[in-house]
Structure formats: structure tokens, C-alpha cells
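A short worksheet on the structure shown next.
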Protein chains: 2
Amino acid sequence: MTSRDEAATADASPSGSSGGRDALSRLRSDIVSSVFEPEMRLKFAEMTKRYDVGVGTLREALSQLSSEGFVTVEAGKGFRVAPVSAEELVEITDHFIALEKRAVREAIAHGGEDWETHIVAVHHRLSLIEGLPWEARMERHSEWVERHREFHHALVAACPGRWLLRLRSMMFDQLDRYRFVTKKAPEGLGRKKFEEHRLLMLATLERDADKASDLIEAHIRDTSDRALAML
Amino acid sequence: MTSRDEAATADASPSGSSGGRDALSRLRSDIVSSVFEPEMRLKFAEMTKRYDVGVGTLREALSQLSSEGFVTVEAGKGFRVAPVSAEELVEITDHFIALEKRAVREAIAHGGEDWETHIVAVHHRLSLIEGLPWEARMERHSEWVERHREFHHALVAACPGRWLLRLRSMMFDQLDRYRFVTKKAPEGLGRKKFEEHRLLMLATLERDADKASDLIEAHIRDTSDRALAML
DNA sequence: TCTCTTTCTACTTTCGAAAATATGTGTATC
DNA sequence: GATACACATATTTTCGAAAGTAGAAAGAGA
């Protein structure tokens, strides 16, 4: 979470050498997008070559990912990709919905003009991809993931509770892993999400906390159920 | 969280060399017990000497502590002890109470004989310290912290939601930092907590979820309010 | 005197080799 | 054939040195 923000701000860095921060996010991204199977061992020899970093740097990244719940670690036996399960998806979904609803309520209560403006901005960025025809959307899927995160984060950014935002982000990141299985969703789905995001933005800007809350619940539950069916 | 459990199971390890796991928990313990002031820079040169580990190992520990929220990190500028504030204490308390109440409810619904037995066992271990006169309690404060954690964890251990337990543990660990300021509490406080823990155990074993829930709320809220007043 | 550049110092960050640990293989013994 | 032991290999874990950076101090030009 902390690292996520920093990685985002440092994307215009000098250039050249990969760096540890970068290895961390690339590794996380590879786990989220199922490049590595759940339960698979992440050997240092292979990983250092793949991400072009030393063992120390890699270990730090893996260690952090274990705190975030993406990998498991057993002392002396190395790191593995954390398992996924239907039960876990259900649990994560419940926690995320509860946290997101509380956060958006707080944000609506405390948000100012900057908050509103940023929501409109990132929603536009998101809609630029979601409005695209199916094939084009698929091609830019990783960009969509990023913008989708930005949009949902913008909605709750004005929430003053730092820990609420932190716990929320943890659950959101975990959901990303499961969201990935619906990548190859039927054609109609993208259009539906497009509309849901628009309505969610409008309800939030209208400061209708109850409506926004309900839309979030339905929006997330729907995505999760779809993922659950494909698992 | 994950690391905490492992450290606990590995306490009967061979002996000798400090090791990275150990450095991590000693560092966390030093932050919790305010050996280092909030906002203070944690320089590698000093820390490697203090904990007798290499820079890589130390970095891994600090990195993990930043995920847990005990230290902050700014790229290129190193690590600092995370700040504390009254606002944060209030927020963490609210989250912890909500999570703990849900977890104990689940535990009561799912717990079996082993769960009950373990609660009785660790409560006894805790009461051995809490029953002591004031001075003796003070001397064994770090043991009390450990046993207090064990007791509260035992109450919710039968909760099937792994993420609920995980989030709960995060908040509990954060509260430890604030709990420490009440270490030098008036004489009567220890006796009161002794009784509260006993009642909490009894309500849980009687499977009275509502009662246990209320006791938890009062128990935690009381401690937090006391800490808040001293902050 | 002020500001901009340069140099120097303290510190962080990264790497690859060495030490410690686990796993697998073969051999002897019952 | 099964079990225990010793050795060899694979893998993790740790360390200290080298490279890279940020911030302070010193110096040059206006």
C-alpha cells in the first residue's frame, strides 16, 4: 500500500536499472495476473534472473509480499505463491464491501472540491478504456486494472481514517487476484461495468451516501459472484 | 502476523546467533515499548550494531515493519518510527473492537473442545502475572504483554475467517504501542483488568456471544480511554 | 549579501560471495 | 525389503563491501 503509492509517483524516474521497488511491483503484478500458479515455489535463482536483482533485494520484496498476503513463507524452505480458494474470495469480498461502504460514507461527509474534481478526472480516464470495443479493452487490460484501482481509490480518498483506507486497500489488492479470472468475461460484461461505474460516480458526487453504498455492494458482489463461478 | 506466529513457535530454537527473525521481533518490541521515539530516524549503522545483523537482514526487517505500520519509509531517505497520535488511537480502537467482536462471535459458533481448553490454559498463564502484587507485575511487564496477546488470540482462534483474524491481529499489534503508555498506571488498574479477563473468559466458555461482545467492547474501550488521557 | 554551482560527507541501497540449512542419493545394516 | 546413516547437491539465508544518493558545507560569480 505504502509502496504502491510510491511506485506510482516514481514512474518518471531517471531510467535504466530496474531497482528494488520496481521488482516488487512487477513480482506482485505477476502473482496477481497468475503468471505463477498458486502454491508454486518462488526460487531465488530463477527470480533473480527474471527480475534482474540481487538476492537481498528479491528477499526484501518477497518478505513484503508475504506481509501483504500474496506469498507465504516457511522459515528455511523459502517462499511460495499464496493459495487461492472460493472461501477466501467470499471472505475478502465481504470485508472489502464493508470497508469500502464505510470509507465512501466518510469521504462523502468530508470531501471537498478537489476530491470531487479528482473523481471526475479519474473516472474519465477509466471510461476511455471501458468505452472501447471488446477487443481493444482486452489489449489494454493491465491499464484498465490500474485505472480501475485509481477510480475506486478516488471515491474514498477523502475519508479521514488512514487505517480504514489502509485495510480497504489491502482487501482491494487481494480482490485484484480474483478479478483477474474474469478477464475473459463475456462481451456484455464490460459495458455493464462501464454503466455501474458511471452511476457510482454520480451518486457519490450527489453526496447520496446510501445510494453510493448500495451501488458499491451490488457492483462488488456482482464481480465476485462472477469470479466465484469461474473458479 | 505471519511472522509473529512463526517467532512464537520457534522460541525453543537451538540457541546462539541472533538471526533475522529475532532481529525483527526485537526491533518491533523496541518500537512498541517506546525505546525509539516516534518520527525518529532508524539509521542502518546504529541498528546493525544494536541488533547484531547485517544491513540486508535489517533492511528486510524494517521493510516488513513498514508493511505492518510500525515504521515509515521514504525512498532514498531511510526509515523512521511511525508517528503516534490521539486520532490514530481512536481509529485503531474502533477498528479493533469491531473486528474482535465479530471474531469472537465466529469463534463461539465454531470452537470445539481444544479451543476451550486452550483458552483456559492461556488465561491461567496470564492470571499468574495479573494476580501478582503491583511491583512484581511491573517487573514482568514484557511477559504480561506476550501472555495478554496469547489470551486475546486464544479467544478468537476458532474463528474460521483467516483474513478477519489477520486484520484483527494487525490492529491488536498497533494497540500494543498505545497500551504501553498505561504501563505506569495506578495500582488499582491491574486488579480491574484481572477481573475483566476472567469475566471475558467465562462469557466465552458459556458461549454467550452477546455478553462476550459487550465485555470486549468495554474492556478495550476502557484501556484506550485511559491511554488517551495519558497521551 | 545572495544565489547558484560544486565538493564533500553521511547515509541508503544494491549486489554477489560465503555460510547455514534443507533435500536428495547412495550405502551399509538388520 | 526397510531403516538408519553419511555424503553430495540444491537452496535459502546472512553478511560486508561497493555503488549510488541525498543533504550539508564550501566556493564562485553577480
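Quick note on labels: first sequence line is chain A, next is B, and so on, each numbered from 1. Hydrogens, waters and symmetry mates play no part in the numbers below; they use all other heavy atoms, side chains included.
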For nucleotides 8-12 of chain C, which of its nitrogen or oxygen atoms have a protein nitrogen or oxygen under 3.5 Å away, and what is each distance?
from, atom 1, to, atom 2, distance (Å)
C:dC11, OP1, B:Lys43, NZ, 2.9
C:dC11, O3', B:Arg41, NH2, 2.9
C:dT12, OP1, B:Arg41, NH2, 3.1
C:dT12, OP2, B:Phe44, N, 3.0

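In the helix from C:dT1-D:dA30 to C:dC30-D:dG1, the rotation axis of the first five pairs and that of the last five pairs differ in direction by 0°, rounded to 10 degrees.
Atom CG of A:Asp22 and atom C1' of C:dT14 are 14 Å apart (whole Å). One can place CG of A:Asp52 at 7 Å from P of C:dC15, the figure rounded to the nearest angstrom. Atom CZ in A:Arg80 sits about 10 Å away from atom P in D:dT12, given to the nearest Å. In this structure, B:Leu58 atom CG and C:dT13 atom C1' are separated by 12 Å, rounded to whole Å.
Remark: B:Arg147 engages B:Arg125, B:Leu126, B:Leu128, B:Ile129, B:Arg140, B:Glu143 in a side chain to side chain contact (heavy atoms under 4.5 Å, CB included) (not counting sequence neighbours).
Close to D:dT13, at under 4.0 Å from its OP1 or OP2, lies no side-chain N or O of B:Thr57.
Seen from the ring of B:Phe36, B:Arg80 does not count as a face-on cation partner, given the 6.0 Å and 45° thresholds.
For the pair A:His124 (side chain) and A:Val120 (backbone), a donor-acceptor distance under 3.5 Å is absent. The backbone N or O of A:Ser85 lies less than 3.5 Å from a partner atom in the side chain of A:Tyr178, making a donor-acceptor pair. Between the side chain of A:His148 and the backbone N or O of A:Trp144, no donor-acceptor pair lies under 3.5 Å.
Salt bridge annotation for A:Arg28-A:Asp173: absent, with no cationic side-chain nitrogen under 4.0 angstrom from a carboxylate oxygen. Taking 4.0 Å as the cut-off between side-chain N and carboxylate O, A:Glu60 and B:Arg59 count as a salt-bridged pair.
Shown are A:Ile119, A:Leu165, A:Thr204, A:Leu164; of these, the side-chain contact (heavy atoms from CB on, under 4.5 Å) with A:Val156 is made only by A:Leu165.
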